[in-house]
Amino acid sequence: MSEDYHQIRKEKLKKWREAGISPYGARFLPLNSLREIKDNFPAWEGKEARVAGRIMSIREHGKSAFMDIQQESIRLQIYLRKDIVGEDNFARLGWLDLGDVIGAEGEIFKTRSGEVTLMVKSFSLLSKCLHPLPQKWYGLKDVEKRYRQRYLDFLVNPEVRNIFLTRSKIISLLRRYLEEKGFTEVETPMMHILPGGALAEPFVTHHNALDIDLYLRIAPELYLKRLIVGGWEKIYEINRSFRNEGVSPRHNPEFTMLELYWAYADYQDLMQFTQEALSKIIYEVCKSYVIEYQGESLDVSPPWERISFTHAFKEIANLDWRDEKEVGKKASEWGIGGDTPGKNLDAIFKKKILPHIIQPTFIYDYPRILSPLAKGKEEDLTERFQPIICGLELGNAYSELNDPREQRERFIHQRKEKESGDREAHPMDEDFVQALEYGMPPVAGLGIGIDRLVMLATNSSSIREVILFPLLRPE
RNA sequence: GGGGCAUUAACUCAGUUGGUAGAGUAACGGCCUUUUAAGCCGUGAGUCGGAGGUUCGAUUCCUCCAUGCCCCA
């Protein structure tokens, strides 16, 4: 194998240098956008334009050549003629390759076949591409390569760009919505002394100067609640949390969450809030309340169905969740049993109940044993709900427990779970209990998994499709 | 952690019931001044993911490993 694409391109690069022209150009502003030119051709016809983009195709015709240049996902045809750009410049076309970034100036016109085109008067190389781009027509399908070299994915698969535009739009709409409702965005630590606010295994790191282990946060919850103690009434945070768990189509070790706290409200208020906010955002992004997700037609218009945890267990799994013995028996029968009653309940809920919930639904009033930070209701329940769509847990919310004594007891119980082998049990956090002792107003808190929301809105089956650089094993 | 599937040219894919591989696009050389998956003529391109094993012979069969995808725990 003597043909080396990289080598051939490096030789072309050398030719630019030998001609005294840098193959890596400088500032090329001001620039006319390709979209603007294509969308408003009548205004541009006969006018001078200055454009830049990556060469995505070349069609040579002897003494002239067509190229398509791409800016973002818009392509514009440019036309170069030997008699216009001059013999020397025209000869330099041979030093260009698919993938090179060029700038060009000239007049906008339409070809015989009606294509909006720039008649090039001058052009310059702005950046040489030293590797062949994936072939334009078939795109890049190799999933691994798409994630490892996401830049190639964006260059040749325009629909991928749309997913991330949608993601950006969703987050922006969320912020705007929250701001309208009077919420303030805050930033709390990502490195925690104790990994709290959720039941999950953390990543551990080390701070050298203080010589202490720190944990990447599994949730911002306990710090946000400290702010509520401090008198903040409506706050939210949109940022990453980290959980040291396996990678799957629905889990990435780092993921983005919206977490919000609303003082003096309860979980009923948040159900209202959630269905309004999410349906509105999905409507804005998808232009419809009815969306397709992986073959299911989902109607996200409010109100969403509400089913209590107890009822869901009864109806879907035909089980009384309070019957610890029966639950344990069923769990091991299904091969999903855990070490503790809590684990069994959680497993049955996730594996046997969630998959049956398709339309947007609130499951509410969870067992206390599953919710160490939620406010109690009756003897063994908590004021908690989860929005579920297409079997996906989109979030988690509750009326927050604000009784420090009960909070301490729940932590003690979690410690027992930990001692009996549950590595995801919540650690005792005395500092947080102390904050509660100063008096936290009644408050409702909501977490929304942004990645999963984006999956729904973009009909993506894997969370990796909605994360720019998902975690992969190093090559 | 366990199971299944995948890995062949730069890209997308064929293929070989075991005899060291093909196509389209891309690349390279030539022709062509309104093409657009441009066209025409010609050329070259591969450790068939890696390492072992079986065999006269392995890309193909077996084992292990790597990476990815999916399912299960």
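A note on names: the letters A, B, ... follow the listed sequences, proteins ahead of strands, and every chain is numbered from 1.
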Engineer: Choose from B/rA27, B/rU35, B/rC70 the nucleotide whose nearest atom is closest to any side-chain atom of A/Ile8.
Structural biologist: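 My answer, after comparing the listed nucleotides, is B/rA27.
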
Engineer: Atom OH of A/Tyr138 to atom C1' of B/rC13: distance rounded to whole Å?
Structural biologist: 8 Å

Engineer: Measure from the side-chain heavy atoms of A/Ile336 and tell me the nearest of B/rU67, B/rA26, B/rA73.
Structural biologist: B/rA73

Engineer: If you go through the side-chain atoms of A/Arg59, does one of them form a donor-acceptor pair with the base of B/rU35 closer than 3.5 Å?
Structural biologist: yes

Engineer: On the ring face of A/Tyr267, is A/Arg384 found with NZ or CZ under 6.0 Å from the centre and within 45° of the axis?
Structural biologist: no

Engineer: For A/Lys110 and B/rU36, give me the distance from atom NZ to atom P, rounded to whole Å.
Structural biologist: 17 Å

Engineer: Taking all heavy atoms of A/Arg9 and all of A/Lys128, pick out the closest pair and write down the distance.
Structural biologist: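 Heavy atoms only, the tightest pair is O-CE, 3.9 Å.
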
Engineer: Of the nucleotides B/rU67, B/rC11, B/rU35, which has the atom closest to the A/Thr117 side chain?
Structural biologist: B/rU35

Engineer: Can you work out whether A/Lys12 or A/Trp334 has the more 5'-proximal nearest nucleotide on RNA chain B?
Structural biologist: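 Checking each residue's closest nucleotide, the 5'-ward one belongs to A/Lys12.
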
Engineer: Rounded to whole angstroms, how far apart are OH on A/Tyr5 and P on B/rA26?
Structural biologist: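 Checked: the OH to P distance equals 10 Å.
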
Engineer: Going by modelled atom types, is there a donor-acceptor pair between the base of B/rU33 and the side chain of A/Arg81 at under 3.5 Å?
Structural biologist: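 When only heavy-atom distances are counted, A/Arg81 does reach the base of B/rU33 through a donor-acceptor pair under 3.5 Å.
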
Engineer: Take the protein atom CE of A/Met56 and the nucleotide atom P of B/rU36, then report the distance between them rounded to whole Å.
Structural biologist: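 Atom CE in A/Met56 sits about 19 Å away from atom P in B/rU36.
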
Engineer: Tell whether A/Thr111 reaches the base of B/rU35 with its side chain through a donor-acceptor pair below 3.5 angstrom.
Structural biologist: yes

Engineer: Once you round it to whole Å, what is the distance between C1' of B/rC71 and NZ of A/Lys351?
Structural biologist: 10 Å

Engineer: Given B/rG68, B/rU34, B/rC11, identify the nucleotide with an atom nearest to the side chain of A/Pro134.
Structural biologist: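 Given the options B/rG68, B/rU34, B/rC11, the side chain of A/Pro134 is closest to B/rC11.
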
Engineer: Look at the side chain of A/Lys141 and decide which nucleotide, out of B/rU33, B/rU67, B/rU12, has an atom nearest to it.
Structural biologist: B/rU12

Engineer: Going by the salt bridge (Lys or Arg N to Asp or Glu O under 4.0 Å) test, name the single residue among A/Arg75, A/Arg59, A/Arg54 that passes it with A/Asp68.
Structural biologist: A/Arg59

Engineer: For the residue pair A/Asn32 and A/Val51, what are the closest heavy atoms and their distance?
Structural biologist: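 Looking at all heavy atoms of both residues, the closest pair is O-CG1, 3.8 Å.
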
Engineer: Tell me whether A/Lys351 forms a cation-pi arrangement with A/Trp334, defined as NZ or CZ under 6.0 Å from the six-membered ring centre and within 45 degrees of its axis.
Structural biologist: no

Engineer: Would you mind checking if A/Asp365 and A/Lys377 are paired as a salt bridge, meaning a charged N to carboxylate O distance below 4.0 Å?
Structural biologist: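 Looking at A/Lys377 and A/Asp365, the cut-off is met.
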
Engineer: Are A/Glu144 and A/Arg473 ion-paired here, with the side-chain N under 4.0 Å from a carboxylate O?
Structural biologist: no

Engineer: If you compare every side-chain N and O of A/Arg75 against the phosphate oxygens of B/rU36 (OP1, OP2), does one of them come in below 4.0 Å?
Structural biologist: no

Engineer: Which is true for A/Asp83 with a 4.0 Å heavy-atom rule: it touches a base, it touches only sugar-phosphate, or it touches nothing?
Structural biologist: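 Base, at least one base heavy atom under 4.0 Å.
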
Engineer: Please determine, for B/rC56, whether a Watson-Crick or G-U wobble partner exists with both distances under 3.5 Å, and give it or none.
Structural biologist: B/rG19

Engineer: If you go through the side-chain atoms of A/Glu115, does one of them form a donor-acceptor pair with the base of B/rU36 closer than 3.5 Å?
Structural biologist: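 Per atom types, the contact qualifies.
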
Engineer: In this structure, how many angstroms lie between the C1' atom of B/rG39 and the NZ atom of A/Lys63, rounded?
Structural biologist: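 A/Lys63 atom NZ is separated from B/rG39 atom C1' by 17 Å.
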
Engineer: Considering only side-chain heavy atoms of A/His61, which listed nucleotide, B/rC28, B/rU35, B/rC11, is closest?
Structural biologist: B/rU35

Engineer: Using a 4.0 Å heavy-atom cut-off across all strands, classify A/Arg9 as base, sugar-phosphate, or nothing.
Structural biologist: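 Result for A/Arg9 = nothing.
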
Engineer: Please give the nucleotide sitting opposite B/rG42 as a Watson-Crick or G-U wobble pair, both distances under 3.5 Å, or none.
Structural biologist: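 Across any shown strand, B/rG42 pairs with B/rC28.
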
Engineer: Rounded to whole Å, please give me the gap between CH2 in A/Trp95 and P in B/rC28.
Structural biologist: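 Rounded to whole Å, this separation is 15 Å.
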
Engineer: Both distances under 3.5 Å, Watson-Crick or G-U wobble: report the partner of B/rG68, or none.
Structural biologist: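 Base partner found: B/rC5.
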
Engineer: Distance check: side-chain N/O of A/Lys145 vs OP1/OP2 of B/rU7, anything under 4.0 Å?
Structural biologist: no

Engineer: State which of B/rU12, B/rU35, B/rG68 makes the closest approach to the side chain of A/Leu472.
Structural biologist: B/rG68

Engineer: Hey, does A/Arg146 reach any base, or is it just sugar-phosphate, or nothing, if we go heavy atoms under 4.0 Å?
Structural biologist: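 The residue A/Arg146 makes no contact with any strand.
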
Engineer: Would you please determine if the base of B/rA10 is stacked by A/His131, with stacking meaning a centroid separation under 5.5 angstrom and planes under 30 degrees?
Structural biologist: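 So A/His131 does not count as stacking on the base.
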
Engineer: Look at the side chain of A/Leu98 and decide which nucleotide, out of B/rG68, B/rA26, B/rU35, has an atom nearest to it.
Structural biologist: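 My answer, after comparing the listed nucleotides, is B/rA26.
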
Engineer: Could you state the atom-to-atom distance from CZ of A/Arg250 to P of B/rC72 in whole Å?
Structural biologist: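 Roughly 10 Å, once rounded to whole Å.
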
Engineer: Can you work out whether A/Leu133 or A/Gly114 has the more 5'-proximal nearest nucleotide on RNA chain B?
Structural biologist: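 Going by which nucleotide is closer to the 5' end, it is A/Leu133.
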
Engineer: Please give the nucleotide sitting opposite B/rA37 as a Watson-Crick or G-U wobble pair, both distances under 3.5 Å, or none.
Structural biologist: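 Per the H-bond distance test, none.
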
